[in-house]
Chemist: 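If you scroll down you'll find the structure; I have some questions about it.
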Amino acid sequence: MAKKKEQEGKAQRAQDIVQTAMALFSAHGFDKVTTRQIAAAAGLNIATVHHHVGTKRQLYQQVLDSLQAEEHAVLAEYLQMVQEMPDDDAQALQTLIFRAVDTHIDLVLKNPLRARLYMRRWLETDIEEASVEHHENALLLHNTLLQLLESLDELGRIDLKAQASLLLRSLDWLTYGYFVTGPVENNSWLGDPYAPESLSAFRSLVHAYVSAMLGFDGEK
């Protein structure tokens, strides 16, 4: 029992360090954050941080992995639903795709650090080596979605109006960019992306874009 509690305590401490690092990496980027800063923010010393999570690069990988695990779980769930769906039910497929789009948005709502961290990761090309495994996993997720869209297009269940890979990338930038900057308001270039009215308008925009790009007649 004591050993189990000790293991649980170590796991919780490692998780707390990952969450602390996520906030710092999303705010300042990989290069501008030091292990000393992470340790101080977590209320620990550097040796303890290294003991629980390894080097800064290893910690950065764990931060990305924690986010990506959620994305893979969501993807697996929706792939299963698509496979179980009748081939001739176009409206059900359209509804499911819109649900998937909303789930993508909800992942950012659940953890606002996701959008800012990903935007920094894409812009900081010098940290490629710090997240090689994550890039490989991200490509796996991207290619799975790519193959699904191309398969649905070949079967005539959707009508792709753009290259599938560009569509997926544009949806990423559309969503993450919105949550990093928010809508343009009358007196500000950086509006509140979480304001209910703005968020509702953004969802409608993404639905309309997906509908147009997949050849749907309209939102269901």
Side-chain angles (χ1 to χ4, degrees), residues 67-119 121-123 134-185 189-220:
L67 297 175
Q68 200 168 63
E70 293 180 298
E71 295 163 13
H72 279 285
V74 167
L75 176 60
E77 179 182 352
Y78 278 99
L79 285 176
Q80 182 66 30
M81 286 189 282
V82 169
Q83 292 171 357
E84 295 174 351
M85 183 176 296
D87 292 344
D88 59 350
D89 196 337
Q91 182 173 338
L93 177 62
Q94 182 174 341
T95 299
L96 182 62
I97 289 176
F98 285 139
R99 281 179 55 195
V101 167
D102 283 331
T103 299
H104 184 221
I105 294 172
D106 290 340
L107 282 175
V108 184
L109 281 171
K110 177 182 176 183
N111 186 357
L113 298 178
R114 181 188 301 271
R116 193 169 296 277
L117 182 69
Y118 279 8
M119 293 286 274
R121 177 175 63 88
W122 289 331
L123 292 172
H134 177 79
H135 283 289
E136 293 175 350
N137 290 336
L139 277 174
L140 176 61
L141 189 151
H142 171 88
N143 288 335
T144 300
L145 286 171
L146 179 68
Q147 291 168 10
L148 173 63
L149 289 176
E150 291 178 342
S151 174
L152 292 173
D153 186 53
E154 290 175 1
L155 292 171
R157 300 181 67 184
I158 61 174
D159 182 14
L160 278 173
K161 303 299 184 181
Q163 186 177 344
S165 61
L166 291 177
L167 171 59
L168 292 173
R169 177 57 91 193
S170 66
L171 286 172
D172 277 339
W173 277 98
L174 188 63
T175 301
Y176 297 135
Y178 169 79
F179 280 102
V180 168
T181 65
V184 177
E185 299 178 345
W189 283 102
L190 300 174
D192 180 8
Y194 302 98
E197 184 176 345
S198 296
L199 186 56
S200 177
F202 176 69
R203 288 186 190 274
S204 295
L205 168 67
V206 178
H207 283 204
Y209 177 67
V210 169
S211 181
M213 291 298 99
L214 299 187
F216 295 149
D217 293 333
E219 184 174 340
K220 299 289 192 258

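These figures come from a predicted structure and were not determined experimentally. Computation of the quantities below employed the complete heavy-atom set of this structure, encompassing side-chain atoms and omitting hydrogens, waters and symmetry-equivalent molecules.
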Chemist: Looking at every non-hydrogen atom in both residues, tell me the closest pair between L146 and L168 and how far apart they are.
Modeler: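 Answer, listing the atom of L146 first, then L168: N-CD1, 3.7 Å.
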Chemist: With a 4.5 Å limit on heavy-atom distance, are the side chains of L155 and D87 in contact?
Modeler: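 No, every pair of side-chain atoms sits at 4.5 Å or beyond.
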Chemist: Roughly how far, to the nearest 0.5 Å, is CG of L149 from CG of L160?
Modeler: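 CG of L149 is found 6.0 Å from CG of L160.
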Chemist: Can you check whether I105 reaches Y178 side chain to side chain, under 4.5 Å on heavy atoms?
Modeler: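 The answer is no; the side chains never approach within 4.5 Å.
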Chemist: State the CG-CE distance between L96 and M85, to the nearest 0.5 angstrom.
Modeler: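 The CG atom of L96 sits 4.0 Å away from the CE atom of M85.
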Chemist: How far does CG of L174 sit from CG of L167, to the nearest 0.5 angstrom?
Modeler: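 Answer for the CG-CG pair, L174 versus L167, is 10.5 Å.
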Chemist: Check for a donor-acceptor pair, side chain of S200 on one end and backbone N or O of P196 on the other, with a separation under 3.5 Å.
Modeler: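 Checked: no pair found.
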Chemist: Looking only at non-hydrogen atoms, find the nearest pair between R157 and V82 and report the distance.
Modeler: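 Reported closest heavy-atom pair: NH1-O, 4.5 Å.
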Chemist: What are the two closest non-hydrogen atoms of R114 and L67, and how far apart are they?
Modeler: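 For R114 and L67, the tightest heavy-atom pair comes out as NH1-O, 3.2 Å.
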Chemist: Atom CG in L139, atom NE2 in H142: separation rounded to 0.5 Å?
Modeler: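 The CG atom of L139 sits 7.0 Å away from the NE2 atom of H142.
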Chemist: A side-chain contact here means heavy atoms from C-beta on lying under 4.5 Å apart; do M119 and W173 qualify?
Modeler: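 They are in contact (side-chain heavy atoms under 4.5 Å apart), so the answer is yes.
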Chemist: Does the side chain of H207 reach to within under 4.5 Å of the side chain of D102, using non-hydrogen atoms?
Modeler: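 Result yes, sub-4.5 Å side-chain heavy-atom pair found.
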Chemist: With a 4.5 Å cut-off on side-chain heavy atoms, are L93 and D89 touching?
Modeler: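 Heavy-atom side-chain distance check fails, nothing below 4.5 Å.
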Chemist: Any side-chain heavy atom of D172 sitting closer than 4.5 Å to one from H104?
Modeler: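 Yes, their side chains come closer than 4.5 Å.
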Chemist: Heavy atoms only: give me the nearest A164-E150 pair and the separation to one decimal.
Modeler: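 Answer, listing the atom of A164 first, then E150: CB-CG, 4.2 Å.
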Chemist: Taking S151 for its side chain and Q147 for its backbone only, find out whether a donor-acceptor pair lies under 3.5 Å.
Modeler: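 Checking the backbone N and O of Q147 against the side chain of S151, no donor-acceptor pair under 3.5 Å is found.
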Chemist: Taking 4.0 angstrom as the limit, do D106 and R99 come out as a salt bridge?
Modeler: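 No.
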Chemist: Check whether any side-chain heavy atom of L214 sits under 4.5 Å from a side-chain heavy atom of L152, and report yes or no.
Modeler: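 No - every pair of side-chain heavy atoms lies 4.5 Å or more apart.
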Chemist: Can you tell me how far the OG1 atom of T181 sits from the CZ atom of R116, to the nearest 0.5 Å?
Modeler: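 One finds 9.0 Å between OG1 of T181 and CZ of R116.
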Chemist: Evaluate the ring planes of W122 and Y176, with Trp represented by its six-membered ring, and classify them as parallel (under 30°), tilted (30 to 60°) or perpendicular (over 60°).
Modeler: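 W122 and Y176: tilted rings.
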Chemist: So do L148 and Y78 actually touch side chain to side chain, heavy atoms under 4.5 Å?
Modeler: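 No; the side chains remain at least 4.5 Å from each other.
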Chemist: Identify the two heavy atoms, one from L199 and one from F179, that lie closest to each other, and give their separation to 0.1 Å.
Modeler: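 For L199 and F179, the tightest heavy-atom pair comes out as CD1-CZ, 3.9 Å.
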Chemist: What's the shortest heavy-atom distance between T144 and L140, and which atoms?
Modeler: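 Looking at all heavy atoms of both residues, the shortest contact is OG1-O, 2.8 Å.
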